Number of protein chains: 2
Amino acid sequence: MPWPNEQKGRSRERILQSAFDLFAARGYDKVTISEVMREAQMTHGAFYNHFGSKQELYAEAIGAGARASALAKLQQTEARGAELLTEFMRIYLNEAHVRQEHSPCPLAFLATDVANGEGEVRGAYTQVFKRLISIMSRTLPADTPRRRERALAVSAMMIGGVAVARALDDERTVKALLHACQVMGEGLLGEGLT
Amino acid sequence: MPWPNEQKGRSRERILQSAFDLFAARGYDKVTISEVMREAQMTHGAFYNHFGSKQELYAEAIGAGARASALAKLQQTEARGAELLTEFMRIYLNEAHVRQEHSPCPLAFLATDVANGEGEVRGAYTQVFKRLISIMSRTLPADTPRRRERALAVSAMMIGGVAVARALDDERTVKALLHACQVMGEGLLGEGLT
DNA sequence: GTCTATAGAAAGATAGAC
DNA sequence: GTCTATCTTTCTATAGAC
């Protein structure tokens, strides 16, 4: 079933990308619908032809952020297994990610923001998180002890590391934190990963 | 030097506690000064006799939250060394903490919220984080390899675990996440801790 | 220091022309 | 579908009485 109007789909996609970038950079409440629409090259009156409310936009933007994320792009390369995981951690626990120099991880950039949101927003976040755990768990060797627990704990460490780094004032501490998470994360996923 | 007016100090302390509780529960932008003052049993006109702006209140509330935290209380007991660390992790990575049934950790509850704040707010957050790392690091046995890196990585895991858990929709995933962080965290801090 | 009252600005959502 | 214009509400911050 092709789209009734291809132009509408493109506008919608521009709004979602603009919304995710802005929400990640400044948080839900500090971003206005006018700004999102301006970034998407429309005026704010057009917004309600695509979404019913700002919260609905937020929920959908989380999914859009996940589709644009580093992990989604990595999965389109030929990297698999241990190589995929170490490369993912290297990109994730990086100052360029903290500074939002590429499309960031919604789980890290929106964590406490989402906790203050409504049901549909938290539902979208939960879906993205479960999907990450599923991918990380399946990517670990089948005989890894406590495979799912490792995936959960390392994810929490990565998300927490980036979320905290973004709040910090002190570049030296940021560097040390990201590095520590990378070293200890690789340890948890199995010493001889690469 | 005793306080010029003891009553003023008490009002100020009430405002700070009320502010931290509300900011942690709903996020900076979703809390109004009127609400904070009402919870502190005053009207909002009195606010500006204590603080110059809402952001200034936020910065100070982060410090107040740290002083009221589980770790601060634990340090006033006789628990030390491995016992202190395992007890801390048990209280921290707990559903009661996620549900804010006791004074929560500002690092976990305000992480992405602080990242969107101004300089003084991030400065206060950084101070609290550095202090946590210092305490955890010093509490580990002096001959622990990579002592500071362990403290940083486990802190990120704990903060990330609680921050993500608060955003999640699904109680089963929350339980699994908190448990995984506890098991893997104890592993990182040294197998034979207790 | 605390109160009531209000100024002044901002933002979500809607109406109606094109 | 997108635009301009506006309704309506909410909130920070201030003024001035007590």
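Numbers restart at 1 for each chain; the letters A, B, ... are given by sequence-line order, proteins then strands. Quick caveat, the model's predicted, so the values are computed rather than measured. No hydrogens, no waters, no symmetry mates; every other heavy atom, side chains included, goes into these values.
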Are A/Phe47 and A/Phe51 near enough that their ring centres are under 6.0 Å apart? yes
Taking only Lys NZ, Arg NE, NH1 and NH2, and the carboxylate oxygens of Asp or Glu, determine whether A/Arg90 and A/Glu87 approach each other closer than 4.0 Å.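 Looking at A/Arg90 and A/Glu87, the cut-off is met.
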Check this for me, if you would: do B/Glu13 and B/Arg10 make a salt bridge, where the nitrogen-to-carboxylate-oxygen distance has to be below 4.0 angstrom? no
Could you state the [atom1]-[atom2] distance from [X] to [N], rounded to the nearest angstrom?
X       : N      : atom1 : atom2 : value
A/Lys54 : C/dA13 : NZ    : P     : 8 Å
B/Met37 : D/dA13 : CE    : P     : 13 Å
A/Tyr28 : C/dG12 : OH    : P     : 7 Å
B/Phe47 : D/dT12 : CZ    : P     : 9 Å
A/Phe51 : C/dA13 : CZ    : P     : 13 Å
B/Leu57 : D/dC11 : CG    : P     : 16 Å
B/Ile33 : C/dC3  : CD1   : P     : 15 Å
B/Tyr58 : D/dA13 : OH    : C1'   : 20 Å

Hey, does A/Ser34 reach any base, or is it just sugar-phosphate, or nothing, if we go heavy atoms under 4.0 Å?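 It contacts nothing in the nucleic acid.
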Just to be sure I understand the rule, does B/Val36 reach a base, reach only the sugar-phosphate, or reach nothing, if contact means heavy atoms closer than 4.0 Å? nothing
Side-chain donor-acceptor pair present, B/Tyr58, B/Asp113, cut-off under 3.5 Å: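 Yes - a donor-acceptor pair under 3.5 Å links their side chains.
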Taking only the side-chain nitrogens and oxygens of A/Tyr48, find out if one of them lies under 4.0 Å from OP1 or OP2 of C/dA13. yes
Does D/dC11 have OP1 or OP2 under 4.0 Å away from a side-chain N or O of B/Thr32? no
B/His44 or B/Gln7, whichever maps to the more 5' nucleotide of DNA chain C: B/Gln7
Starting at the 5' end of DNA chain C, which residue's closest nucleotide do you reach first, A/Glu35 or A/Gly52?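 Between the two, 5'-proximity favours A/Glu35.
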Please determine, for the side chain of B/Ala46, which listed nucleotide (C/dC3, C/dA13, D/dA13) has the closest atom? C/dC3
Among the candidates C/dC3, C/dA13, D/dA13, find the nucleotide nearest to the side-chain atoms of B/Ser53.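 Out of C/dC3, C/dA13, D/dA13, the nucleotide with an atom closest to B/Ser53's side chain is D/dA13.
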Whether B/Arg122 side chain and A/Asp169 backbone form a donor-acceptor pair below 3.5 Å: no
